[in-house]
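All remarks here apply to the structure that follows.
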Number of protein chains: 2
Amino acid sequence: MSVLDSQVATRLAEQDIRYTRARRAVVAALQDIDGPRTAAEIHESLRGDVPLSSLYRTLSVLDQSGVLVPHTGAKGLVRYELAEWITGHHHHLVCLKCGTIEDTDVPPSFESRMEKMVEKIGTSTGFNAVDHSLEIHGVCLACS
Amino acid sequence: MSVLDSQVATRLAEQDIRYTRARRAVVAALQDIDGPRTAAEIHESLRGDVPLSSLYRTLSVLDQSGVLVPHTGAKGLVRYELAEWITGHHHHLVCLKCGTIEDTDVPPSFESRMEKMVEKIGTSTGFNAVDHSLEIHGVCLACS
DNA sequence: TTCCTTGCAAACGATTTGCATTGGA
DNA sequence: TCCAATGCAAATCGTTTGCAAGGAA
């Protein structure tokens, strides 16, 4: 059991949620990938080991328990990735052609300024900010 | 015909696309709103004047002609808003509870720094950046 | 008049759910 | 053991499309 696996196991145990075969498989699959993926993509990378209907339930459980985060970045498809307490904070490159989303980082100095700004926007508008993500839209290497 | 209307009319005329009743209605509906809305929401605010299937076709035409921009921000629903050449550049407050997206601005000094950064990320990763949007996630006033 | 656009109904694709069975702590 | 998780098939929901009728240039 990898470090990541035991972190996730702990997180699920705290909530009395079982860490089953399907759930392990999904976490493992997302571990090797640096960006959100759709249910269909995960299903394929699992070579059909987990039927789609179970996969959707698995994604939903892992989302609600804070292990995954959903993104609905492009083409109206929901894409999941490991939560930031696992991957670390990052931002997204969204391809306008194929809809793929990849992770990217920004310089720490910019990041801290962005955080302050987000906080300020919250207090001045009544919007209770929790999180933020800079979405950069364009065309990825594979599509250009 | 409002200023906005004639701008849109011109844009469509350049592409030999008719500015019909349904298209005018959608543009007018989005004009009063400061954030992306789903087809269902637009349909409702039009009080069913435009049937859903026609509405989807209308949204698609206005998207392809550069009048609207789609966002797939939350709950896996596609939301449309007027393009930035009409509304001006802005960012988004995304409510994690109800999924609504509202527009917001950031200070110009921050904005220009963000633009430079986005450009740099593009050149250093092979990703051809076109556009960006800071998505601030949290809980909106109505939901808290 | 001539296409483009509309409306209706049927088709589609992603996601969800009911229910009987299996499996994990 | 005992309840949660799974697998299958059917249902649901947002969105798309074929086709005949109506409308803008």
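Quick note on labels: first sequence line is chain A, next is B, and so on, each numbered from 1. Note that the structure is predicted; figures quoted are calculated from it, not measured.
Atom CD of B:E119 has 12 or fewer heavy atoms from other residues, nucleotides or ligands within 6.0 Å.
Under a hydrophobic clustering in which Ile, Leu, Val, Met, Phe, Trp and Tyr are joined whenever their side-chain heavy atoms come within less than 4.5 Å, directly or via other members, B:V130 and B:M114 fall into different clusters.
A rotation axis mapping the C1' atoms of four pairs onto the next four is fitted at both ends of the helix from C:dT1-D:dA25 to C:dA25-D:dT1 over five pairs, and the angle between these axes is 40° to 10 degrees.
A donor-acceptor pair is defined here as one N or O able to donate and one able to accept, closer than 3.5 Å; no such pair exists between the side chain of B:S60 and the backbone of B:Y56. A:S65 places a side-chain N or O within donor-acceptor distance of the main-chain N or O of A:V61, the cut-off being under 3.5 Å. Although no hydrogens or angles enter the test, the distance criterion places no donor-acceptor pair under 3.5 Å between the side chain of B:R23 and the main chain of B:L62.
The nearest whole Å value for the distance from the CZ atom in B:R23 to the C1' atom in D:dG23 is 12 Å. Residue A:H43 contributes atom NE2, which lies 13 Å from atom C1' of C:dT15 at whole-angstrom precision. Spacing between atom CG of B:L12 and atom P of D:dA25 amounts to 11 Å, rounded to whole angstrom units. Here the P atom of nucleotide D:dA24 and the CG atom of B:D16 are 17 Å apart, to the nearest Å. For the pair A:Q64 CD and C:dT16 C1', the computed distance is 13 Å after rounding to whole Å. Rounded to an integer number of Å, the gap from CZ of A:R37 to C1' of C:dA14 is 18 Å. Note: CD1 (B:I42) to C1' (D:dG14) measures 14 Å, nearest angstrom. In this entry the distance linking CG of B:L55 with P of C:dG7 reads 10 Å, nearest Å.
Among the atoms of the strands shown, none is found under 4.0 Å from any heavy atom of B:A40.
Of the candidate nucleotides D:dA5, C:dT15, C:dG7, C:dG7 has the atom lying nearest to any side-chain atom of B:P51.
Here the closest non-hydrogen pair linking A:E135 and A:V94 is OE1-CG2, 3.3 Å. Residue A:L55 comes nearest to A:A39 through the heavy atom pair CD2-O, 3.3 Å, listed as atom of the first residue, atom of the second, then distance. In this structure, B:P36 and B:E41 approach most closely via the heavy-atom pair O-OE1, 4.5 Å.
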When every nucleotide of nucleotides 17-25 of chain C is labelled 5' to 3' by its protein contacts under 4.0 Å (heavy atoms), B for base, S for sugar-phosphate only, - for none, what sequence of letters results? BB----BB-

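With respect to A:T104, the side chain to side chain contact (heavy atoms under 4.5 Å, CB included) criterion is satisfied by exactly one of A:H91, A:H92, A:H90: A:H91.
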